[in-house]
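In what follows, residues are counted from 1 in the order of the sequence shown. What you are looking at is a predicted structure, and each value in this text was computed from that prediction instead of being measured.
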Amino acid sequence: MIYKKYFKNKKVLITGHTGFKGSWLALWLKSLNAKVCGISKSIPTNPSHYNAVKLSNIIQSKFVDIKSFSKLNKIILQFQPDYIFHLAAQSLVKKSYGETLDTWNTNLIGTVNLLEVLKNYNKKKVTVVMITSDKSYKNLEIKRGYKEEDLLGGIDPYGASKSSAELAIKSYVKSFFSSKKKNISIAVARAGNVIGGGDWSEDRLVPDCVKSWSRKKKVLIRKPNSTRPWQHVLEALNGYLILASKLKENRNKYHGQAFNFGPRNKNNYKVIQVVREMKKNWNVIRWKVAQQNKKFFENNLLKLNSLKAEKKLKWRCILNFNETIFFTINWYKNFYSKRNNSLNSSLSQIKLYEKLLNERRIK
């Protein structure tokens with residue numbers, strides 16, 4: 001892999017390290033021999049991937065709310081990271097309707113706090129990847145997939161807060177991180193719908209399914225015909241790692257750039273197709289379609305066009321749909337059957353994915 005040499009013995013700070021993606025990223029970086037420090041307000045779910053793999057025994061953890069500028073500033077000044085991956089967020093659409101102010105404060109003000117810390121930071125060079133969302137785009141239900149230059153403008157509170165965070169990032173890049181301040185390099189990553197073992201977030205398809213099935217109950221499926229760009233968590237994280245290494249290598253080319261990380265259109269499957277594929281791997285699966293909840297808006301069609309990442313970063317999803325579901329369900333089966341501890345399951349999947357990367361990489 002091209003980025004192994006970039007992270008070995010380097011200090012990497014991850015905001016949101018107790019979350020689903022953040023904990024997988026922290027574990028992967030640790031396996032690359034990076035020195036990892038995580039910042040999170042709390043552990044967002046119980047169970048969680050963070051606890052399942054006992055990440056607190058493996059990396060340094062700081063339980064701090066990114067809405068606190070002074071605490072965030074102190075940690076960064078003390079740790080002096082070489083890389084920062086900003087994932088901390090209130091990431092659930094439905095929750096953003098009930099906890100709207102916290103969503104805006106976390107997603108927008110939390111991001112601005114980090115940018116403000118970096119604006120005044122002069123200790124060493126730092127490479128920063130800011131993770132936002134596919135829901136940052138103004139949703140026009142278009143089939144071609146959103147490109148990086150398309151309009152931003154989320155409709156729901158979550159999407160709106162994420163698109164606003166992107167405007168803040170663009171403003172800081174243009175205003176404060178120009179060619180005169182070369183110690184800070186920033187790029188933006190927008191990922192599609194991510195699934196994988198260890199996600200127990202509320203109102204998400206796979207977590208809803210495994211929680212119900214582990215209790216031998218039917219899962220309620222809402223919007224069975226909604227289409228999503230399903231990809232395994234390691235696919236998106238691979239994109240983040242490649243982007244960080246490219247940004248480190250060539251600031252002039254990648255600084256201020258945004259990149260989509262999502263599967264090609266053939267991996268856009270309906271919710272009901274995902275459930276049926278999961279049943280092939282876990283025969284306890286049962287479901288029924290729920291009545292529509294019209295209290296909050298949810299997109300029916302979301303697609304990303306990732307040709308920019310494919311051409312400039314040599315990144316693409318390498319797992320097909322069946323492999324993506326198999327990786328995901330196999331992790332949960334091991335967790336609930338206790339056939340293998342979750343740390344070993346996660347590390348084994350990372351190693352297998354790295355092997356497949358080497359075999360299937362873009363030439």
Side-chain angles (χ1 to χ4, degrees), residues 6-7 9-19 21-30 32-44 48 50-51 54-91 99 101-132 161-162 164-166 168-169 171-173 175-178 180-189 240 244 247-248 251 255:
Y6 289 95
F7 298 108
N9 297 322
K10 297 299 183 181
K11 292 182 177 181
V12 183
L13 182 74
I14 301 173
T15 71
H17 74 298
T18 59
K21 284 200 292 184
S23 59
W24 272 97
L25 178 60
L27 186 61
W28 197 349
L29 283 163
K30 188 64 180 177
L32 296 173
N33 295 312
K35 300 172 182 177
V36 182
C37 176
I39 295 176
S40 287
K41 178 175 69 173
S42 60
I43 303 170
S48 68
Y50 175 84
N51 281 335
K54 297 180 171 59
L55 200 58
S56 60
N57 296 334
I58 302 172
I59 70 165
Q60 185 182 166
S61 289
K62 303 284 188 181
F63 286 94
V64 168
D65 194 329
I66 60 167
K67 297 194 293 289
S68 172
F69 171 84
S70 60
K71 292 179 180 179
L72 183 62
N73 185 52
K74 183 179 179 180
I75 291 171
I76 291 175
L77 286 174
Q78 289 178 341
F79 186 62
Q80 295 188 31
D82 298 288
Y83 296 89
I84 297 175
F85 291 90
H86 177 51
L87 288 85
Q90 193 301 99
S91 58
E99 300 180 15
L101 184 58
D102 183 66
T103 298
W104 277 97
N105 281 331
T106 301
N107 296 353
L108 177 56
I109 303 304
T111 298
V112 171
N113 275 342
L114 177 56
L115 292 165
E116 191 67 16
V117 170
L118 294 172
K119 185 184 78 172
N120 301 311
Y121 187 79
N122 293 304
K123 296 289 184 182
K124 62 196 292 191
K125 290 185 177 180
V126 187
T127 300
V128 186
V129 176
M130 312 284 279
I131 288 82
T132 59
S161 68
K162 279 297 192 177
S164 297
E166 290 226 23
I169 295 165
S171 172
Y172 269 80
V173 167
S175 302
F176 306 112
F177 304 119
S178 63
K180 294 180 181 179
K181 187 175 173 59
K182 293 185 177 181
N183 68 314
I184 307 295
S185 302
I186 297 176
V188 170
Y240 302 166
L247 182 59
K248 178 73 173 179
R251 182 185 191 275
H255 177 59

Salt bridge check: are D82 and K124 linked by an N-O gap of less than 4.0 Å?
yes

N122: partners by side-chain hydrogen bond (donor to acceptor under 3.5 Å, both in side chains), with sequence neighbours left out:
K181

If only side-chain N and O atoms count, and only distance matters, is there a donor-acceptor pair under 3.5 Å linking S185 with H255?
no

Is any side-chain heavy atom of I59 less than 4.5 Å from a side-chain heavy atom of L29?
no

Which distance, rounded to the nearest 0.5 Å, do you find between the CG of N51 and the OG of S56?
7.0 Å

Any donor-acceptor pair under 3.5 Å from N113 side chain to K67 backbone:
yes

Quick one: do W104 and I109 satisfy side-chain contact (heavy atoms from CB on, under 4.5 Å)? Show the steps, please.
CA-CA 7 Å; W104 277 97; I109 303 304; over 6 Å; no

Okay, side chain of K11, backbone of Q80: is any donor-acceptor separation there less than 3.5 Å?
no

Is the charged tip of K119 near the ring of F176: under 6.0 Å from the six-membered ring centre and within 45° of its axis?
yes

When rounded to the nearest 0.5 angstrom, what is the spacing between OG in S178 and CD1 in I184?
12.0 Å

Nearest heavy atoms of K41 and F63, plus distance in Å
O-CD2, 4.1 Å

Nearest heavy-atom neighbours spanning G16 and A88:
N-CB, 3.6 Å

From CG (N33) to NZ (K35), nearest 0.5 Å
10.5 Å

Under 3.5 Å, is there a donor-acceptor pair linking the side chains of Q90 and T106?
no

Any heavy-atom pair between the side chains of K62 and F79 that's under 4.5 Å?
no

Among residues at least two apart in sequence or on other chains, which ones pass side-chain hydrogen bond (donor to acceptor under 3.5 Å, both in side chains) with T127?
none

For the side chain of T132 and the backbone of E166, is there at least one donor-acceptor N/O pair under 3.5 Å apart?
no

Without swapping roles, check the side chain of T15 against the backbone of L87 for a donor-acceptor pair under 3.5 Å.
yes

Between V126 and I76, is any pair of side-chain heavy atoms under 4.5 Å apart?
no

Just checking, any donor-acceptor pair under 3.5 angstrom between side chains of S61 and Y50?
yes

Give the minimum heavy-atom separation between Y6 and Y83, together with the two atoms involved.
O-OH, 3.2 Å

With a 3.5 Å distance limit and no angle check, can you tell me whether N183 reaches the backbone of Y121 through a side-chain donor-acceptor pair?
yes

Separation between CG of N73 and CG of L114, rounded to the nearest 0.5 Å:
10.5 Å

For the side chain to side chain contact (heavy atoms under 4.5 Å, CB included) test, which of V129, I66, L13, I131 pairs with H86?
I66

To the closest 0.5 Å, what do you measure between CD1 (I14) and CH2 (W24)?
13.5 Å

Should F85 and H17 count as side-chain neighbours, where that means a heavy-atom distance under 4.5 Å?
no

Is the closest side-chain heavy-atom distance between T18 and P44 below 4.5 Å?
yes

Starting at CD1 of I75, measure out to OG of S70 and round the result to the nearest 0.5 Å.
9.5 Å

